Amino acid sequence: MHELSYFRGNLDAIAARLATRGYSLDVASYRALDQERRAALTESETLKAQRNSESNEIAKLKKAGADTTEQQAKVRAIGDRIKALEDNVKAVDDRFYETLAGVPNIPHESVPTGDDADANVEVHKHGTPPVFDFPPQNHWDIGPALGILDFERAAKITGARFAVYVGLGAKLERALINFMLDTHTREHGYTEVFPPVVVNSASLYGTGQLPKFAADLFKLEGTDYYLAPTAEVPVTNLHRDETLDADLLPISYCAFTSCFRSEAGAYGRDVRGIIRQHQFQKVELVKFCRPEQSHEQLELLTSHAENILDRLGLPFRRMLLCTGDMGFSSAKTYDLEVWLPGQNAYKEISSCSNFEAFQARRAAIRCKSAKGKAEPAHTLNGSGLAVGRTWVAIVENYQQKDGSVVVPDALRPYLNAEVITPRGTLA
RNA sequence: GGAGAGGUGGCUGAGUGGUCGAAAGCAGCGGUUUGCUAAACCGUCGUACUGGGAAACCGGUACCGGGGGUUCGAAUCCCCCCCUCUCCGCCA
């Protein structure tokens, strides 16, 4: 959500900037709607002011023992007029805010202009893709062959785009989660939280998934509850409707959760394997900070996610997303892409974004220093990392000719194994 | 699921239907006093939208869990819903 007065005062410049991300703001009709709203408000508020003062007069007259029948009739008439206007005021106001709530964030000046992923800019590359003296396999072949990944049974239990991890496959998932959480809490200064993954609509509105992207969510029938598509939702909403002490910022949280996405509109994309699942696990990093800190905090947060990839010995690159490829709420986003030998390509494994004040305004997350005015805080988040995709990266990058998978050093204490071989599979 | 209690400003906590945006206290901020700390005293101290103003600021409207209703007038009365707490039942 944008700040109203700023939005109004810079409409043309904002529209031009939004156009770079493929959003066309109809300036003329927005302006008309804005004026319509303000006119409607002025009219009804003037009447209300009149009613209030006349009512006070009645109170005074009554106290003096006078008859107020006539005045009461007059104020009742004003009240009737207010009531008649009310529906329109509310309709216009709702329409206005619905429009505004559907406008994406403004790209930061450092974001390159472009239409789609092709215009993303590689910031740097880290590590070298492994060279195999055999044709590297995809994880959807390696996993079932090792007996650590089972798609058929998942389809039986639930359906497409679900998977069962088995034996060391399950343990690898758990090892990754623990490794990531331990690293972020012990070395990067994050406070671990374990939030609900069922969230209400107000929370989803706060982070920007609603009202526009309801189709991407699983909703619990007959309730106002949804399955969270990312821990960003519950963790950012930890501080919804709160004023944070600016001196305590930045606040950094990490959270492990399962995430649920309907993947509506993703038909045919990544249908094989566990790259794109309805349920997946993620360790998320979330930060709240003062406005002037947020861009340095984005660099920091992104480096924390990169550190996980680095420690796991996985080759990756950092991409700065162009205006056309960013998410709705983001002002600036880095994607981390991990090398997947099975696909012979880099694949997104983390997305780190600075939302600036966009979410904070929606969610009423403010910060205030001892002698400052309250202002919207800035919020950030990033995957640190997507666990399932990290699982894929490990299995594919560390695969051996004999079909086994070598466990990277950093994970050995967690997995209590040096190599994953076809053992301990589901009977 | 059943019964009861309650939701008021950053916090605690008052509030007979009529200057209540809301007492009081705490915290915060500014100041006086003080050798320092502490204390005391004085002042100040909500948010959103909106009109005016370069700004400081001034005016209007709304907000006492949410939504309706009664009334000239609602934090206060009525209805519905949500949430929290306590007890009972069930349950990981």
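Just so it is clear, the model here is predicted, and its values are computed rather than measured. Each chain gets a letter, A, B and so on, in the order its sequence line appears, and its residues count up from 1. All values below come from the heavy atoms of this structure, side chains included, with hydrogens, waters and symmetry mates left out.
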Interface polar pairs with nucleotides 15-23 of chain B, N/O, under 3.5 angstrom:
{"unit_1": "rG18(B)", "atom_1": "N2", "unit_2": "Ser55(A)", "atom_2": "O", "d": "3.1"}

Tabulate protein N/O versus nucleotide N/O from nucleotides 90-92 of chain B, keeping only pairs under 3.5 Å, one per line.
none

Using 4.0 Å as the upper bound for N to carboxylate O, is an ion pair formed by [Y] and [X]?
| X | Y | answer |
| --- | --- | --- |
| Asp80(A) | Lys83(A) | no |
| Lys368(A) | Asp245(A) | no |
| Arg269(A) | Glu263(A) | no |

Looking at the rings of [X] and [Y], which for Trp means the six-membered one, are their centres under 6.0 Å apart?
| X | Y | result |
| --- | --- | --- |
| Phe162(A) | His278(A) | yes |
| His239(A) | Phe288(A) | yes |
| Tyr190(A) | His304(A) | yes |

Contacts satisfying salt bridge (charged side-chain N to carboxylate O under 4.0 Å, His left out) that involve residues 208-232 of chain A (not counting sequence neighbours) are none

I'd like to check the salt bridge (Lys or Arg N to Asp or Glu O under 4.0 Å) partners of [X]; sequence neighbours left out, ordered by chain and number.
| X | result |
| --- | --- |
| Asp325(A) | none |
| Asp12(A) | Arg31(A) |
| Lys282(A) | Glu284(A) |

Test: side-chain hydrogen bond (donor to acceptor under 3.5 Å, both in side chains). Region: residues 50-59 of chain A. Which pairs qualify, not counting sequence neighbours?
Glu54(A)-Lys74(A)

Give the residues of residues 232-243 of chain A touching RNA chain B, defined as any heavy atom closer than 4.0 Å, sorted by residue number.
none

Apply side-chain contact (heavy atoms from CB on, under 4.5 Å) to Val123(A) and list each qualifying residue two or more places apart in sequence or on a separate chain.
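Checked Val123(A) against side-chain contact (heavy atoms from CB on, under 4.5 Å); matches are Arg318(A), Leu320(A), Tyr334(A).
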
Asn416(A) atom CG: more than 12 heavy-atom contacts under 6.0 Å
no

Pairs where residues 48-99 of chain A contributes a residue and the test ring-ring contact (aromatic ring centres under 6.0 Å, His included) is met, not counting sequence neighbours:
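Residue pairs with at least one partner in residues 48-99 of chain A: Tyr30(A)-Phe96(A).
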
Is the shortest side-chain heavy-atom distance between Val111(A) and Leu321(A) below 4.5 Å?
no

Pick the closest RNA chain B nucleotide for Lys83(A) and for Ala374(A) by heavy atoms, then say which residue is nearer the 5' end.
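Looking at RNA chain B, the more 5' nearest nucleotide goes with Ala374(A).
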
Pairing of RNA chain B as dot-bracket, 5' to 3': ( ) intra-strand, [ ] crossing, | other strand, . unpaired, with Watson-Crick or G-U pairs under 3.5 Å?
((((((((.[[[..)..(.....]]].(((((.......))))).(((((((....))))))).[[[[[..)....]]]]])))))))....

Rounded distance (Å) that lies between atom C1' of rA48(B) and atom NE2 of His2(A)
18 Å

Scoring nucleotides 49-68 of chain B by protein non-hydrogen atoms under 4.0 Å (B base, S sugar-phosphate only, - none) yields SSS--------BSS------

